[in-house]
A.B. asks: 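Sharing a structure, written as structure tokens. Questions coming.
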Protein chains: 4
Amino acid sequence: MSELLRKGRLSHVRKDVARFTSSAKDDERLVRHIVKINKAHVIMLAENGIIDTEDCKKIIEALNKIDGKLELSPEKEDAHMAVEEEVIKAAGSTVGGNLNLAKSRNDQVATAIRMNLREELLKLVETILELQDALIQKSERNLETVIPGYTHLQPAQPVTFAHYLVSQFDVLQRNIERFEENYRRVDLCPMGACALATTSFPIDRERVAELLGFSGILENSLDAVSTRDFLLETLANLALLAVDVTRFVEDLIVWSTSEFGIAELPDEFAFTSSIMPQKKNPDVLEVIRARMGILIGSFVSCATVLKGLPSAYNMDFQEVTPRLWEALQTAQSCLSMLSKVTLSLEVKPNVLEKPSLTFLAATELANMLVRNHKVPFRTAHKIVGALIKTLIDEHKSLNDVTPTLLAEISDKFLETPLDVNVEEISISVDPYLVVKSHKTKGGPAEQETRRMINARKNVLTASEKWVWEKKDILEKTDRSLDAEADKILGKG
Amino acid sequence: MSELLRKGRLSHVRKDVARFTSSAKDDERLVRHIVKINKAHVIMLAENGIIDTEDCKKIIEALNKIDGKLELSPEKEDAHMAVEEEVIKAAGSTVGGNLNLAKSRNDQVATAIRMNLREELLKLVETILELQDALIQKSERNLETVIPGYTHLQPAQPVTFAHYLVSQFDVLQRNIERFEENYRRVDLCPMGACALATTSFPIDRERVAELLGFSGILENSLDAVSTRDFLLETLANLALLAVDVTRFVEDLIVWSTSEFGIAELPDEFAFTSSIMPQKKNPDVLEVIRARMGILIGSFVSCATVLKGLPSAYNMDFQEVTPRLWEALQTAQSCLSMLSKVTLSLEVKPNVLEKPSLTFLAATELANMLVRNHKVPFRTAHKIVGALIKTLIDEHKSLNDVTPTLLAEISDKFLETPLDVNVEEISISVDPYLVVKSHKTKGGPAEQETRRMINARKNVLTASEKWVWEKKDILEKTDRSLDAEADKILGKG
Amino acid sequence: MSELLRKGRLSHVRKDVARFTSSAKDDERLVRHIVKINKAHVIMLAENGIIDTEDCKKIIEALNKIDGKLELSPEKEDAHMAVEEEVIKAAGSTVGGNLNLAKSRNDQVATAIRMNLREELLKLVETILELQDALIQKSERNLETVIPGYTHLQPAQPVTFAHYLVSQFDVLQRNIERFEENYRRVDLCPMGACALATTSFPIDRERVAELLGFSGILENSLDAVSTRDFLLETLANLALLAVDVTRFVEDLIVWSTSEFGIAELPDEFAFTSSIMPQKKNPDVLEVIRARMGILIGSFVSCATVLKGLPSAYNMDFQEVTPRLWEALQTAQSCLSMLSKVTLSLEVKPNVLEKPSLTFLAATELANMLVRNHKVPFRTAHKIVGALIKTLIDEHKSLNDVTPTLLAEISDKFLETPLDVNVEEISISVDPYLVVKSHKTKGGPAEQETRRMINARKNVLTASEKWVWEKKDILEKTDRSLDAEADKILGKG
Amino acid sequence: MSELLRKGRLSHVRKDVARFTSSAKDDERLVRHIVKINKAHVIMLAENGIIDTEDCKKIIEALNKIDGKLELSPEKEDAHMAVEEEVIKAAGSTVGGNLNLAKSRNDQVATAIRMNLREELLKLVETILELQDALIQKSERNLETVIPGYTHLQPAQPVTFAHYLVSQFDVLQRNIERFEENYRRVDLCPMGACALATTSFPIDRERVAELLGFSGILENSLDAVSTRDFLLETLANLALLAVDVTRFVEDLIVWSTSEFGIAELPDEFAFTSSIMPQKKNPDVLEVIRARMGILIGSFVSCATVLKGLPSAYNMDFQEVTPRLWEALQTAQSCLSMLSKVTLSLEVKPNVLEKPSLTFLAATELANMLVRNHKVPFRTAHKIVGALIKTLIDEHKSLNDVTPTLLAEISDKFLETPLDVNVEEISISVDPYLVVKSHKTKGGPAEQETRRMINARKNVLTASEKWVWEKKDILEKTDRSLDAEADKILGKG
């Protein structure tokens, strides 16, 4: 524990207790933010006459020295005290002793976490965009690649690989929306809330927020130090993302089995067995799937920790933040790897050749009976169902349907047996023609999917613009904070 | 299982299996939405010449009959088949047999859930607004009610009850934002996606969406039937709300202990023990706390169910929806009860009388030393810390500080002992004056909190307007769907 | 709220508050246990001279009247007060007013939950045994049914269906162990702990425990009323069971896809689509899978509720119990359905015919090279791996391996090319012979699996005996409690 | 990826993919177990004539060299391949190439995890025993330290600190039971299951299990490589432990508030604020509480990962193990710290002095009316309730009860007002006498708690013996494995 805080109210702390409760190790990523916060804070103090400009200058010089070079041992209480200690060492206790005037670790740590989370959310959105881009690239090359669509893991109707990839794009888009909305709630500055009640010094909270590039302040001071909802929301959003990504990966794992045989991972993404020489295992997909599962537990961990706490700051908060960074890192690296996998995926040729897959056209056959022969849909459904049962019992496929067979079977369901011609049948049961005919909005027909892809390219551009604007704000803020500091240092 | 679907592909199903998999019981709340969807669907089919207007008329007549009166026994497969059976019974199989033309249970159930969820989200937001309103009402009457602010459950600094209540308002406001954002993603119509691949009939998806009051369609058809992210997002948001509400309730439980003695529940909200006659237990708060905990598990249940599924429809989806309604109902009833509790809460008189609570002013005493005597803050912190240690050892309070004592103690930390006058001390240690001096933005001073309350009244009005507009859209949609149906029935 | 407890310390409670906090609806299943507890309690009080035998008689008469016929409206506080009210109504307030002497709702509810949980755990174990029995029956008929064994969902080595089913038996056996161990911790009586501190009356806790068929008392009184670990352990065990059952069901779902085509559900367990007539969906398996997922969330719900609570009784406990019963009911019905599915499962003929599955023998081919030709295993692994790569590239199967091809390929890895004869190859690549050769303990060879099945039959019998003995204790206890009551009523 | 496995079936793997999927970093703790397993395996192979003794000797020499010195870079696939590579390097490919004969990574990793988990479970039980020992030590010194017992966080009845500490002992004891039961299921050896189907080589699975100190083999080979239930059970048990520990810690946090003022942490365990000099925060307890919350999420993470997997080995397993070690480490360090806190805890003097706490005796006052004045308990409960209401309204305590006041109040509930003498009252309302009178089994009376403590000392000894015996087996096994290896090396 920092000696700065002992010998007044409390005597020494046990070393093992200090090590046990220290957050020093996990604080490393926060140091540069804490330095910035301290700069912004003392600039504001000086601007408002709360400290002398000369003192402010000395403090900024001290802060400039430690930037990036602070060592945090587990004996240190945390990064906040370590920075303050360095400043006092460099600027003397008379000047440096006022560094924590009109602020507290409570508002400072909340601010530093939000600053780091802004950057991490932008990185995360960038990795999602990378994956969306891969999906778009791949889909453009697969507009006519017909694959079986499944429900209940049973062959349902033919779609295209492009149609499927666009659906994954849209799933991700909703995740991006959620992270953007989350960002807005993260991008508010708690500084000036101090311990929980603001201060009696005439500080300017908006100025500090501006110097740190926040879109505004988190107003009510009790709220500002109490809440960790902004990061729990991130973890909830990561859990939602994890569910979505797992479903995509699960599809790929199933499709790359030798039984489904729809897609194949290139060798460079696959592994074999230490004992079974024939194996080609999709380890990389399984690892992504598993890590996505871990994310759901991370949300539970943090929700459980926060749930029972009384309002305002509790030390429990400290244990939540490392899980946030860990979860973000997991999501980023998995999505990035998944982009590479997506780009490398190829649909195998002839995936529709299996006899069982001819039944994918069954709905269209029924539709044809409705359209051409005025059979009510529910009856057409039964006729085709009975037809398929017969075909399966006789080890045949839908390609074996004849007008005679249809007539025979329809006889049980209709007053007059159907009189369908060969061409009607052959058009209905050709999966490529079936896909072509499904040109309803949102459907798999080539021109419709192409339209969707083009629209999504604009969506992608808009998201990229959003990220770019936010990054630009953060970079400009860094430069302008340096400029303000330089002004005080007389370097301006 | 509905006989409509048997005897074609499949023979009979076992009764116990049918009962086991049936969703009939949980579908009850969806029936009226399913009826509307079917109406909108057949109107669109007729408008686009896919079915005859006369057939459309008969189907609408049949649908009008069953509205609200459909009995769902556990032997029925689900509400979708039950509605279709009724229509076929009333309109005959030739006409009614086309009810499911160009649609599927997959898009229909997703649409019906979204329609019901729209209503439930609006109800939920209304109950949050009810609580926010109670917080505002209560805070206006407690602008000068000074209470101890705690961190780590240890007395920290004085705030006011109003200041605290406004912080809870702000917490809830972020939840409202999340539910509004969620609403936008719920308010999209999957109809026309059919099983997963749209259809070869020339349907008009936007028209159906319009007739059902959706803001647009959920475009990609695979996505439209695959995703349950919209409801998992609701459950995630409920989990986030649960964490927030629990923290508020936890405060109230702790504050209503005889030891903290800050607030008291009126008798009409409290319970006693069956054996200990003196007990006055806050059962109602404990029940809310517990039910909030349940909500976190509901999210986990549903995330776990959805996580492993391949894309497109899987029967597992069916098990998720009942948990959604249950969770929403729990949240609504708990928030509604919490509004009543909030309105009834009173802060006890003289809550600051305990000697231990005089130390709430310690930070301000240190601030005064900085302000008036140019002591660096870190040194002032140590002096006041050591002062308090002495006072506690002597069983004294901060009211017992004298200039002499301060001089004595400061001697260990400063070259010249402090020369503080009595008035300086008495101003610093009076918690009411401390609160008054904390007029920084977001702080507890009366005028600042009053300003915040006024701003929040506008926020509340805006939220109410949002709910009102959405409800208005839904009501108008219902009326216009009826009007369209009447037009076809010749009643227009 | 019960009027019995008002008008002393507290005035009236609001009706809406009473309804909100009431556990009456969920208490229904506890009524018969509460009646028994009250009987046992007053018999003990009379035996120890704490109440008169005559009063005891009147109370027992009153209790006998209400047994099973008590109506619990949501206006009632809970079943405990409802029973006490009935007794007071029937026996008068002078006699009945002592019913709650030397006990409390706190120990009573904990005891009633434990009594009900004993029964439910036995029912649950019975349903697991039902499933184990189905697995054994099915495995006996499939000792020679060779199926592909998978790892990473990729074909690995041939095993038998019986071998697989025995592995599922063993998984379940560990679950049974856990529930039996759990039962021992449930089967302890909290009665006499009263509110939390026992009582000053000279009660006999062991006697009450004996009259209620417990194996002992839960000694420390604070512990006895504080802990809900016994039921959280049940929920944890259910979550573990859920993970295991889901994996079994997941296998069956994958195996019953048309692509894997290993097993098929009979029609009477399957469902079709409302739009796609060819579909045969394994809804029943998907529903089981989903409900298992729900169980994991139930554990989280209850752990979250209990986690933050201070020791001793808190009202939050009340919200946990309904989730326990719900979870047990879910598990019981799903396992029971799964037993029926298991009995109906058939492995399709010719499952090994697919060319890709010939590679299941690859490890054995490598083993043969080690055994017959002294090739180090790691080299043999590479040779066979390269061999398979060649075969796949040429669209061939392992049946196409010739001595020449092996010699050619081995040339790259060995100094002298391999000289393998045709018979060596044909023995190695025949999956039926491979299975026969795997007669190591725990392996798939017929005689070894038969040995395992026989051993498991004994395990099954032992488990059945355990259940039978516990049920017998509970039944005998009921009879002897009645006999003790009759003695006091003079009927003995 | 290890080159040992490439160039046969698969060509090169991408470096980023290799790094992404590598478990090398997390495998470090498994290396020494993997070395032992390999030794035991080759000894068994040699004993059964499957490899030459001379080859066995060379392999053991190679294994001896790498023991503890193996470096695992993230480029390595995993520890298993790294060990094999080292052996091949040292012993040559002809000899070393047979190291993986008749085994696989699948059985080897499951075995190594079980070996490490055995050690970790023993360490964990030891830390629980350390805490139990602290509880016993502390309780012996606090047999007459009367403290308020709470329910619903409201004062309920007086108990003693010793009575409370014993209840915590008992809670922990049930956790120990669960971990011991878990240990039995961990202590089974999967070796010989190979990839999933055993092997055609005549191996002796029991011999390997014996050489590694297991109590037996995990028989069915599919089960042996498929199951991770043994470690999920550990995680479930840790979650149960976490709930229990949190409740204990929550008590201590509440008790150490200045408001409750029951216990105080010594300075050396406490921290102050960076801004509020008066603060003395129980950070160490809050950190323990938070880390316990994390454990619940760890279970969820791993259950979620495992839940959806098909049977047999999947790569997802790899992601689960690091969470297991992390969770065990968290639990061990937190419990160890909590032991130190427990030993340092002191109950403050005069904790019963607060007027509100006099009502702790209310139940006993009611009991006295039943015992001495034949008032039915339910009526006595009302009289005392009304009495307390009067006292509170008049700002009085239970010490202010007089015979006259009791008579007055009882008049509303009884036909004849009560005639109670002063001594009866004073005995009933003295919390020290109340505690003395609660000598029922499990109660707080000094002699009864002393009896419980003595009994628990025996329980503690038995647990310590259990740990000692298990550790002894593991140590003896290590020595005997070395001896067997030495025999082959000719050193025996």
Side-chain angles (χ1 to χ4, degrees), chain A residues 1 5-6 8-14 16-17 20-21 77 80-81 84 100 103-106 194-195 250 267-281 283-284 286-287 289-291 293-294 296-302 304-305 308 314-316 318-320 323 333 337 340, chain D residues 1 5-6 8-14 16-17 20-21 77 80-81 84 100 103-106 194-195 250 267-281 283-284 286-287 289-291 293-294 296-302 304-305 308 314-316 318-320 323 333 337 340:
Chain A
M1 187 178 188
L5 302 180
R6 307 302 296 201
R9 170 73 175 91
L10 299 178
S11 57
H12 287 290
V13 73
R14 287 164 61 129
D16 55 350
V17 174
F20 182 78
T21 58
E77 189 165 346
H80 310 280
M81 296 319 301
E84 190 176 341
N100 218 39
K103 72 177 170 67
S104 148
R105 280 185 292 192
N106 296 359
C194 302
E250 186 76 21
D267 279 14
E268 55 176 7
F269 283 97
F271 291 80
T272 190
S273 154
S274 71
I275 178 168
M276 298 169 290
Q278 86 279 15
K279 294 301 295 281
K280 182 172 170 186
N281 296 325
D283 294 33
V284 67
E286 293 173 284
V287 167
R289 177 172 63 181
R291 289 189 188 154
I294 303 291
I296 294 174
S298 300
F299 170 73
V300 174
S301 282
C302 296
T304 309
V305 171
N314 297 277
M315 193 65 179
D316 313 61
Q318 172 184 293
E319 299 301 307
V320 166
R323 270 81 216 168
S333 63
M337 181 52 69
K340 294 171 191 165
Chain D
M1 188 179 188
L5 302 180
R6 308 300 294 199
R9 170 75 176 91
L10 298 178
S11 58
H12 286 291
V13 74
R14 287 164 59 128
D16 56 349
V17 174
F20 181 77
T21 57
E77 188 166 346
H80 309 280
M81 297 318 301
E84 189 175 342
N100 218 38
K103 72 178 169 70
S104 149
R105 277 185 293 192
N106 296 359
C194 302
E250 186 77 21
D267 279 13
E268 56 175 8
F269 283 97
F271 292 79
T272 190
S273 154
S274 71
I275 179 169
M276 299 169 289
Q278 87 280 13
K279 295 299 296 282
K280 183 175 170 185
N281 296 327
D283 294 33
V284 67
E286 293 173 285
V287 167
R289 178 173 62 180
R291 291 188 186 156
I294 303 292
I296 293 173
S298 300
F299 170 73
V300 174
S301 282
C302 297
T304 308
V305 171
N314 297 278
M315 194 63 179
D316 313 63
Q318 173 184 292
E319 299 301 307
V320 165
R323 271 80 215 169
S333 63
M337 181 52 68
K340 294 171 194 167

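A, B, ... follow the sequence lines: proteins, then strands. Residue 1 opens every chain.
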A.B. asks: Can you tell which part of N100(A) gets under 4.5 Å to a heavy atom of chain D, answering side chain, backbone, both or neither?
C.D. replies: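 When you check distances to chain D, only side chain atoms of N100(A) fall under 4.5 Å.
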A.B. asks: Using a cut-off of under 4.5 Å for heavy-atom pairs, which of G293(D), C194(D), S298(D) has the most such pairs with chain A?
C.D. replies: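 If we count pairs closer than 4.5 Å to chain A, G293(D) comes out on top.
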A.B. asks: Looking only at heavy atoms, what is the nearest atom pair of R14(A) and F269(D), with distance?
C.D. replies: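 Heavy atoms of R14(A) and F269(D) come nearest at NH1-CZ, 3.5 Å.
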A.B. asks: Locate the shortest heavy-atom distance separating V13(A) from E268(D); write the atom from each residue and the value.
C.D. replies: CG2-O, 3.1 Å
A.B. asks: Considering only heavy atoms and a distance below 4.5 Å, find which of D267(D), I296(D), V284(D), V320(D) pairs most often with chain A.
C.D. replies: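 The candidate making the most pairs under 4.5 Å is D267(D).
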A.B. asks: Sort K103(A) into side chain, backbone, both or neither according to what part of it lies under 4.5 angstrom from a heavy atom of chain D.
C.D. replies: backbone
A.B. asks: So which of E286(D), R289(D), M337(D) has the biggest tally of heavy-atom pairs under 4.5 Å with chain A?
C.D. replies: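 Of the options given, most contacts go to E286(D).
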A.B. asks: Using a cut-off of under 4.5 Å for heavy-atom pairs, which of Q318(A), H80(A), R291(A) has the most such pairs with chain D?
C.D. replies: R291(A)
A.B. asks: Side chain, backbone, both or neither: which part of N281(A) has an atom under 4.5 Å from a heavy atom of chain D?
C.D. replies: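 Interface part for N281(A): neither.
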A.B. asks: To check you understand the geometry: which heavy-atom pair defines the closest contact between G297(A) and S301(D), and what is its length?
C.D. replies: CA-OG, 3.1 Å
A.B. asks: As an exercise: rank T304(A), V305(A), D316(A), V300(A) by heavy-atom pairs under 4.5 Å with chain D and give me the winner.
C.D. replies: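 Heavy-atom pairs under 4.5 Å are most numerous for D316(A).
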A.B. asks: Work out which heavy atom in V287(D) is nearest to a heavy atom in E319(A); give both atom names and the distance.
C.D. replies: CG1-OE2, 3.8 Å
A.B. asks: Looking at D16(D) and K340(A), what are the two nearest heavy atoms and their distance?
C.D. replies: OD2-NZ, 3.1 Å
A.B. asks: Checking heavy atoms, do the side chain of Q278(A), its backbone, both or neither come under 4.5 Å from chain D?
C.D. replies: backbone
